[in-house]
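As structure tokens, the structure follows; a few thoughts come after it.
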There are 2 protein chains.
Amino acid sequence: MDPVDKFRRTSYKLTKPRLVILEYLAKQKKPRSVREIHQQLNRERIDLVSAYRNLELFKELGIIFEEKMNNQSYFYIADKIHHHIICSKCRLIECFPCHNEIIRLKNFSSINHQLSMTGICNKCSSRKEKR
Amino acid sequence: MDPVDKFRRTSYKLTKPRLVILEYLAKQKKPRSVREIHQQLNRERIDLVSAYRNLELFKELGIIFEEKMNNQSYFYIADKIHHHIICSKCRLIECFPCHNEIIRLKNFSSINHQLSMTGICNKCSSRKEKR
DNA sequence: TTTCTAAATGCAAATAGTTTGCAATTAAAT
DNA sequence: ATTTAATTGCAAACTATTTGCATTTAGAAA
């Protein structure tokens, strides 16, 4: 479902910052850092703090997902949580499903997990280094 | 092998900050944040910056491992990289092996990954909430 | 449509983790 | 014991994130 519609079903006010953040994220094909999100919304003069507060809210409402990479928070909209691998060289991102079932820990319940991955994509490994 | 001995095999100087950091980490049963490490070494008057620089060095030398959780870096000494799950209530930590083989991504090589998990341990879930 | 108000915003400043530059110190080679 | 490149500690910068508060505003009520 459209994230804006999802939000309308809550009792929270649909403000301009909320609208533009959701619309921006809905267009993205990969997770975006708070800074990226904020910079893209420059023309709307939306405060960085509002971005933080609303991203946190959207996450709690289950409208967006958070992924932490390199000690920073990234956010994305998707039907379900999944993972991302990023090429360390060209920043290509590939998504892959989250196999919760791989995790069997009998001593814990209500498990949350956070997986982030980097690698070198095939294109980059076949490319000759410039000297 | 003893981490200090491992370090002696390198060409780096074995200084007091390096020695105490390695000795401290060797005693720990779970990953420790830079702040925890630094605070424990208070009596030795070791600078936080030295902790950062040396932890980074130890990591590059393969003497310690880094695990990022909650937008912070944690470090631990172990025979091999593995993962940790932390109880959100009592902070109990359980280790579990890293099954690299679970990850099959044909478009990437040289994969690095970072998994962190939280959950509620059995003891905490059976414990009645205080009012 | 206007009024009202709790919710939300923007701004300033605080907090926390990490990094950088540099003069003073020191491990270890000679 | 001397020497010096490596390392340290300190100050300060930088980045991500959070908090407090006066102002603004979405949307309910009149």
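Within every chain, numbering begins at 1; the chains are lettered A, B, ... in the order of the sequence lines, protein sequences first and strands thereafter.
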Please enumerate all protein N or O atoms sitting under 3.5 Å from an N or O of nucleotides 6-8 of chain C, with distances to 0.1 Å.
unit_1 : atom_1 : unit_2 : atom_2 : d
C/dA8  : OP1    : A/K13  : N      : 3.3
C/dA8  : OP1    : A/R18  : NH1    : 2.8
C/dA8  : O5'    : A/R18  : NH2    : 3.4

>> Nearest to the B/R53 side chain among C/dT18, C/dG10, C/dT20, which nucleotide is it?
In response: C/dT20
> Does a side-chain N or O from B/N71 land closer than 4.0 Å to OP1 or OP2 of C/dG17, or not?
Replying inline: no
> Rounded to the nearest Å, what distance is computed from the CD atom of residue B/E36 to the P atom of nucleotide C/dA16?
Replying inline: 15 Å
>> Side-chain N or O of A/Y52 versus OP1/OP2 of D/dT17: is the shortest distance under 4.0 Å?
In response: yes
>> Could you report the tightest heavy-atom contact between A/L55 and A/I64, atom names first, then the distance?
In response: O-CD1, 3.5 Å
> Just by modelled atom types, is the A/D47 backbone N or O under 3.5 Å from a matching donor or acceptor in the A/H38 side chain?
Replying inline: no
> Is any side-chain heavy atom of A/I21 closer than 4.5 Å to a side-chain heavy atom of A/F58?
Replying inline: yes
>> Using whole Å, what does the distance between atom C1' of nucleotide D/dT7 and atom CD1 of B/I21 come to?
In response: 12 Å
> For the side chain of A/Y74 and the backbone of A/K30, is there at least one donor-acceptor N/O pair under 3.5 Å apart?
Replying inline: no
> Across the strands shown, which category fits B/L48 at heavy-atom distances under 4.0 angstrom: base, sugar-phosphate, nothing?
Replying inline: base
>> In this structure, how many angstroms lie between the P atom of C/dT19 and the NE2 atom of B/H38, rounded?
In response: 15 Å
> In whole angstroms, how far is the P atom of D/dT19 from the CD atom of A/E56?
Replying inline: 10 Å
> Quick one: do B/V49 and B/L19 end up in the same hydrophobic cluster if we chain Ile, Leu, Val, Met, Phe, Trp and Tyr together by side-chain heavy atoms under 4.5 Å apart?
Replying inline: no
>> Between C1' on C/dT25 and NZ on B/K16, what's the gap in Å once rounded to a whole number?
In response: 13 Å
>> I want to check one thing: is the phosphate of C/dT18, taken as OP1 and OP2, less than 4.0 Å away from some side-chain N or O of B/S73?
In response: yes
>> Without decimals, in angstroms, what is the distance between A/R35 CZ and D/dT17 P?
In response: 9 Å
> Given atom CG of B/L41 and atom C1' of D/dT8, what is their separation to the nearest angstrom?
Replying inline: 14 Å
> Do A/F65 and A/H82 have ring centroids that are under 6.0 Å from one another?
Replying inline: no
> Separation of B/D47 atom CG from C/dA24 atom P, in whole Å?
Replying inline: 16 Å
>> Closer than 3.5 angstrom, by distance alone: can the side chain of B/R18 be matched with the main-chain N or O of B/N54 as a donor-acceptor pair?
In response: no
